[in-house]
Amino acid sequence: MMSRAERTPLNDWWWTVDRGLLAGLGCLMVAGLVFLMGGGPPVAERIGLPTFYFLNRQAMYLVPTIALIIAVSFLSLRHIRRFALVTWLAGVALCVLAGKFGPEIKGAHRWIQFGPFGLQPSEFVKPAFVVVAAWAFSEGAKRRDMPGGILAMALLPVTIVPLILQPDFGQTMLITIVWCTLFFVAGLHWFWVAGLGAGGLLGVLAAYTFLHHVKERINRFLDKDSGDSFQEFWSRESFTSGGWLGTGPGEGVAKRHLPDAHTDFIFSVTGEEFGVLVCLGLVALFAYIVMRGLKLARRTDDTFSRLAITGLTTLFGLQACINMAVNTQLMPAKGMTLPFVSYGGSSLISLALGMGFLVALTRKRPRTTALGQRPPGTVPSAVPGLMQ
């Protein structure tokens, strides 16, 4: 047991961290290993790898994942901002390099190789971008001489243009929606809400018109007979055959046909083998983490912390929603993993970075520490120049 009377860094961390949030993340990691035992072996055997190759590697990746969450959660607000800025700059630069020199995988240049290791830099850009954008919005709210709103608006095109060129429409859409959420929470006028909504629709229309793979996916989603709907068929079939209680662990059939049963379609495999009830429990676990984060964001008085917590929570929840919507045929395929459940090294480490930021930002801090940078007489809930 850790005593409140002992003043050590570890004790201070334990008594200030939100243990409910940590427990939710821990449950997701354990659930990911359990579900990967069903989805991973068929894919591994199909490509000539050991049966539990993906499960063993996922367990190995969880060690640095947990270590990174804990390490980042020790950071102060100032160090969070600096670390996020450096990560964002490096991530955007690597996205540009990946688009130009990275290997082509499924028609896109999203990866960059460091010897035998592959890295998807866009995964690390997401949480860092949220923190940097929240920093810009909060500085604009606290200092009338600081063009925080303009800087935050400039961050978006700088971030998404390299992703569009790769192309990676799914990550572009995710980052844009989270940025709009931050914009709204920062005090966006309804006029700007309508403008951003119209801009988003124009962006989707432009992607449908000029990007062949986007047009193909949307057409296939709207008309199942317009192209190859192999994955969509087996994803839908998995929930049908699984029913409420599932066929039993290891007894699924759809996973033997789904090429991405261990990543993008792990939720479908879970639905077949464990049933719809377990899937609903997994949805409830994601909902708990999201609601916990938003509740903690509401409690904080610091503008930067409130915006960053809201953005990181939205990023996490929205990515989970997109993955589950694709698996249940509510959206076209996006190639997006289910947080902490799908297999993936870059995905796990980037999620660890984002959740480390979230745990650090939601720690209980002295009021003077949280509010120390706010000049007297300022209003923290609006971005100057955007409320008119």
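As a basis for the values below, the full set of heavy atoms in this structure was taken, side chains included, without hydrogen atoms, waters or symmetry mates.
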Do the side chains of [Y] and [X] get nearer than 4.5 Å, heavy atoms only?
X: Ile349; Y: Leu119; answer: no
X: Thr328; Y: Phe267; answer: yes
X: Lys100; Y: Leu165; answer: no
X: His79; Y: Phe74; answer: no
X: Phe129; Y: Leu156; answer: yes
X: Thr65; Y: Leu351; answer: no
X: Val290; Y: Leu294; answer: yes
X: Arg306; Y: Arg299; answer: no

Do the side chains of [X] and [Y] join up, straight or via other hydrophobic residues, at under 4.5 Å, putting them in one cluster?
X: Tyr53; Y: Leu348; result: yes
X: Leu21; Y: Leu318; result: yes
X: Val326; Y: Phe316; result: yes
X: Met29; Y: Val63; result: no
X: Val283; Y: Tyr288; result: yes

Distance-only check: which donor-acceptor pairs under 3.5 Å involve side-chain atoms of residues 34-44, not counting sequence neighbours?
none

Check for a donor-acceptor pair, side chain of [X] on one end and backbone N or O of [Y] on the other, with a separation under 3.5 Å.
X: Arg19; Y: Trp14; answer: yes
X: Ser346; Y: Gln120; answer: yes
X: Thr300; Y: Ala297; answer: no
X: Asn327; Y: Asn323; answer: yes
X: Asp260; Y: Thr263; answer: no
X: Trp179; Y: Ala152; answer: yes
X: Gln58; Y: Ser342; answer: yes
X: Tyr343; Y: Gly32; answer: no
X: Thr240; Y: Arg236; answer: yes

May I have the list of side-chain donor-acceptor pairs in residues 86-95 shorter than 3.5 Å, sequence neighbours left out?
| unit_1 | atom_1 | unit_2 | atom_2 | d |
| --- | --- | --- | --- | --- |
| Thr87 | OG1 | Phe83 | O | 2.8 |
| Trp88 | NE1 | Thr159 | OG1 | 3.0 |

Mind checking side-chain contact (heavy atoms from CB on, under 4.5 Å) for Ala320 and listing every partner two or more places apart, or none if nothing turns up?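 If we apply the side-chain contact (heavy atoms from CB on, under 4.5 Å) test to Ala320, skipping adjacent residues, the hits are Phe286, Met324, Leu338, Pro339.
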Step by step, work out the side chain to side chain contact (heavy atoms under 4.5 Å, CB included) result for Leu22 and Val17. CA-CA 8 Å; Leu22 285 179; Val17 77; 3.9 Å; yes
Determine whether Ser238 and Val269 satisfy the following criterion, side chain to side chain contact (heavy atoms under 4.5 Å, CB included), listing intermediate values before the conclusion. CA-CA 7 Å; Ser238 64; Val269 176; over 6 Å; no
Contact summary for [X] and [Y], nearest pair of heavy atoms:
X: Ile80; Y: Ala360; value: CD1-CB, 3.5 Å
X: Leu182; Y: Ala133; value: CD1-CB, 3.9 Å
X: Gly354; Y: Leu312; value: O-CD1, 3.9 Å
X: Leu33; Y: Ala59; value: CD2-N, 3.9 Å

Donor-acceptor side-chain pairing of Thr337 and Ser347 below 3.5 angstrom: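 Their side chains do contain a donor-acceptor pair, which is all the 3.5 Å distance test asks for.
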Donor-acceptor pair between Glu237 and Ser268 side chains, under 3.5 angstrom: no
In short, side chain to side chain donor-acceptor pair (under 3.5 Å) pairs touching residues 269-283 with sequence neighbours left out are Ser241-Glu272, Lys255-Glu273
Residues in ring-ring contact (aromatic ring centres under 6.0 Å, His included) with Phe52, at least two apart?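 With sequence neighbours excluded, Phe52 shows a ring-ring contact (aromatic ring centres under 6.0 Å, His included) to no residue whatsoever.
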Interatomic spacing from [atom1] in [X] to [atom2] in [Y] - rounded to 0.5 Å:
X: Ile289; Y: Leu25; atom1: CD1; atom2: CG; value: 4.5 Å
X: Met153; Y: Leu151; atom1: CE; atom2: CG; value: 11.0 Å
X: Leu174; Y: Phe169; atom1: CG; atom2: CZ; value: 11.5 Å
X: Ile69; Y: Phe357; atom1: CD1; atom2: CZ; value: 12.0 Å
X: Phe340; Y: Met355; atom1: CZ; atom2: CE; value: 6.0 Å
X: Gln166; Y: Thr172; atom1: CD; atom2: OG1; value: 8.0 Å

Ring-face cation contact, Trp135 with Arg82, 6.0 Å cut, 45° max: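 The answer is no, since Arg82 fails at least one limit relative to Trp135.
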Is Arg81 positioned over the aromatic face of Phe304, cation under 6.0 angstrom from the ring centre and no more than 45 degrees off axis? yes
Full working for side chain to side chain contact (heavy atoms under 4.5 Å, CB included) between Trp13 and Arg363: CA-CA 8 Å; Trp13 177 84; Arg363 287 178 61 186; 3.8 Å; yes
For Asp18, is there an ion pair with Arg292 - N to carboxylate O distance below 4.0 angstrom? yes
Of Val130, Leu155, Leu163, Leu315, which is the lone residue that meets side-chain contact (heavy atoms from CB on, under 4.5 Å) with Ile175? Leu163
Take a 6.0 Å sphere around CE of Met291 and say whether it holds more than 12 heavy atoms from other residues, nucleotides or ligands. no
What residues join Leu277 in its hydrophobic cluster, counting side-chain heavy atom gaps under 4.5 Å, either direct or through other members?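 Trp244, Leu245, Val276, Leu280, listed by chain and number.
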Val178 and Gln319: side chain to side chain contact (heavy atoms under 4.5 Å, CB included), yes or no, with the steps? CA-CA 10 Å; Val178 174; Gln319 180 171 334; over 6 Å; no
How far apart are the C-alpha atoms of Phe137 and Phe183, what are their side-chain angles, what is the distance that settles it, and do they pass the ring pair (Phe, Tyr, Trp, His ring centres under 6.0 Å) test? CA-CA 8 Å; Phe137 278 127; Phe183 211 163; 5.4 Å; yes
